[in-house]
Protein chains: 2
Amino acid sequence: MITTSKTKKDVVTEFRTSEILEAARKVFAKKGFHDATVDDIANAAGVAKGTVYLYYRSKQEVYLAALKFGIAQMYSALVEEVRRVSTTEEKLRALIAAKLAYFEENRDFFKIYYFELGKIPTHPGTIDSEFKSLYLDQARLVESILKEGSRKKAIRNLRTDQAAFAISDLIRGVVTQRVLGWTKSKISQDVEFIFDLIWKGIAAQ
Amino acid sequence: MITTSKTKKDVVTEFRTSEILEAARKVFAKKGFHDATVDDIANAAGVAKGTVYLYYRSKQEVYLAALKFGIAQMYSALVEEVRRVSTTEEKLRALIAAKLAYFEENRDFFKIYYFELGKIPTHPGTIDSEFKSLYLDQARLVESILKEGSRKKAIRNLRTDQAAFAISDLIRGVVTQRVLGWTKSKISQDVEFIFDLIWKGIAAQ
DNA sequence: CCCGCAGGACTGACTATTCAGTCAGTCTAC
DNA sequence: GTAGACTGACTGAATAGTCAGTCCTGCGGG
């Protein structure tokens with residue numbers, strides 16, 4: 001049956017796609033966009049170079065696919081963790097903890113996310129803006145928490161949009177240090193400390 | 001006279017070196033380490049490719065020199081601005097303002113500083129650690145401000161080392177957003193907002 | 001149940017290009 | 001006249017992307 005065979009093909013395609021994506025993520029994280037060769041990725045995925053080009057049109061396309069997959073996955077993880085709790089305070093703490101935890105389990109991803117982005121050949125206004133909007137999703141998540149806190153009078157009167165960016169930035173900075181391996185403190189300590197700093201900065205009164 | 005000729009040679013060397021460095025900085029910032037060619041740099045500096053190799057042994061060496069020069073210059077600028085004022089509050093605000101101002105005047109430098117670092121071919125424990133120590137210099141500058149504030153009872157009781165990292169990170173994150181062009185707010189606004197957030201988070205009581 | 005064949009998934013040697021780095025030769029300043 | 005600063009054509013290596021050919025799978029007829 002046509003439908004069945006199509007489905008089967010789809011399954012294979014999906015399998016190969018994710019297999020290559022997984023390999024690409026590791027290789028890109030280890031070597032960076034330029035030093036990673038398509039042969040490296042193919043080897044890591046256990047296929048020949050030509051096969052990579054059956055599923056992706058270029059090295060750049062593989063890279064972007066790996067990156068987008070990771071960002072989307074992380075965003076879901078953050079939303080999920082924030083949903084689990086109810087007060088503004090808990091939500092903020094959960095967000096920070098979730099991001100650091102996600103980092104801990106996906107160090108390779110963050111390496112390409114933070115250091116490769118903006119390095120790949122791109123025509124202004126296309127790829128860039130796509131990632132910008134993914135970044136903005138996260139800032140909006142923070143802002144929604146702050147807005148709710150503002151309504152509930154849990155946090156002081158401030159510009160939630162600016163504060164959302166500042167908090168996102170702080171978290172980004174902290175994670176960056178970890179990506180570079182320039183900090184050795186325990187993650188749980190970091191979470192508490194950062195949260196404490198932010199909370200004192202924004203809490204009501 | 002030998003001395004005179006040596007000095008003259010030194011002057012020429014210094015001129016060429018800084019000429020190439022300046023060109024390298026622009027080219028690397030625009031194209032990134034890999035896409036920037038030595039010919040690009042030579043052209044931008046108005047010399048032939050061979051000349052670049054008279055002053056630097058490799059493309060990587062040019063890159064590292066440009067980067068180190070920029071970091072050292074920025075650090076001096078920060079220290080200078082912080083010296084100008086006396087209270088902890090002023091010092092912190094001055095630090096934030098100085099970094100953002102330096103960024104505004106050296107966008108190209110930050111682009112290579114934030115996005116290229118950790119991407120260049122490096123043997124673990126050599127180059128990396130050199131930049132780490134340059135980074136730590138800045139964190140230590142923040143920490144010295146905090147420690148003084150702590151002694152003066154201007155800020156609450158907290159781990160100044162951790163707080164110094166957090167504040168450095170926050171600033172780093174904010175600047176990163178600007179490097180990527182993902183924020184349009186006025187710098188002066190940002191300075192006030194970030195300072196306010198930090199200050200509320202660390203001020204005494 | 002077996003055989004053979006068609007379509008397409010897969011391969012990897014090959015091509016075309018891009019550059020880092022070299023070096024034989026030129027030019028210039030003294 | 002010469003030392004050495006400077007040049008830029010050249011080489012060798014690396015690698016993105018291609019494509020002619022192989023292999024595997026599943027199906028239809030004997």
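Reminder, nothing fancy here: chain letters follow the sequence lines and each chain counts from 1.
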Between C1' on C/dC19 and CZ on B/Phe28, what's the gap in Å once rounded to a whole number?
13 Å
Gap between atoms CG and P, on A/Asp35 and D/dA14 respectively (whole Å)
12 Å
Expressed as a whole number of angstroms, how long is the span from B/Asp39:CG to C/dT22:P?
14 Å
Rounded to whole Å, please give me the gap between CD1 in A/Ile20 and C1' in C/dA9.
12 Å
When the distance from CD of B/Gln60 to C1' of C/dG21 is rounded to whole Å, what number comes out?
14 Å
Are A/Glu19 and A/Arg16 within salt-bridge range, i.e. N to O under 4.0 Å?
yes
When B/Asn106 is tested against each of B/Arg25, B/Lys111, B/Gln73 for side chain to side chain donor-acceptor pair (under 3.5 Å), which residue passes?
B/Arg25
Find the distance B/Ile41:CD1 to C/dC19:C1' and express it as a whole number of Å.
12 Å
Between A/Glu90 and A/Arg93 (salt bridge meaning N to carboxylate O under 4.0 Å), is one present in this structure?
no
By the 4.0 Å heavy-atom rule, please label B/Ala36 as base, sugar-phosphate, or nothing.
sugar-phosphate
Can a salt bridge be assigned to the pair A/Lys30 and A/Asp40 using a cut-off of 4.0 Å between side-chain N and carboxylate O?
no
Separation of C/dT22 P from B/Tyr56 OH (nearest whole Å)
17 Å
Review item, nucleotides 6-9 of chain D N/O atoms under 3.5 Å of protein N/O:
{"from": "D/dC6", "atom 1": "OP1", "to": "B/Arg16", "atom 2": "NE", "distance (Å)": "2.9"}
{"from": "D/dC6", "atom 1": "OP1", "to": "B/Arg16", "atom 2": "NH2", "distance (Å)": "3.0"}
{"from": "D/dC6", "atom 1": "OP2", "to": "B/Tyr55", "atom 2": "OH", "distance (Å)": "2.5"}
{"from": "D/dT7", "atom 1": "OP2", "to": "B/Ala48", "atom 2": "N", "distance (Å)": "2.9"}
{"from": "D/dT7", "atom 1": "OP2", "to": "B/Thr51", "atom 2": "OG1", "distance (Å)": "2.4"}

Rounded to whole angstrom units, what separation is found between the NE2 atom of B/His34 and the P atom of D/dA14?
14 Å
SB check A/Arg172 A/Asp169 (cutoff 4.0 Å)
no
Tell me, yes or no, whether the heavy-atom count around B/Phe69 atom CZ, taken from other residues, nucleotides or ligands under 6.0 Å, exceeds 12.
no
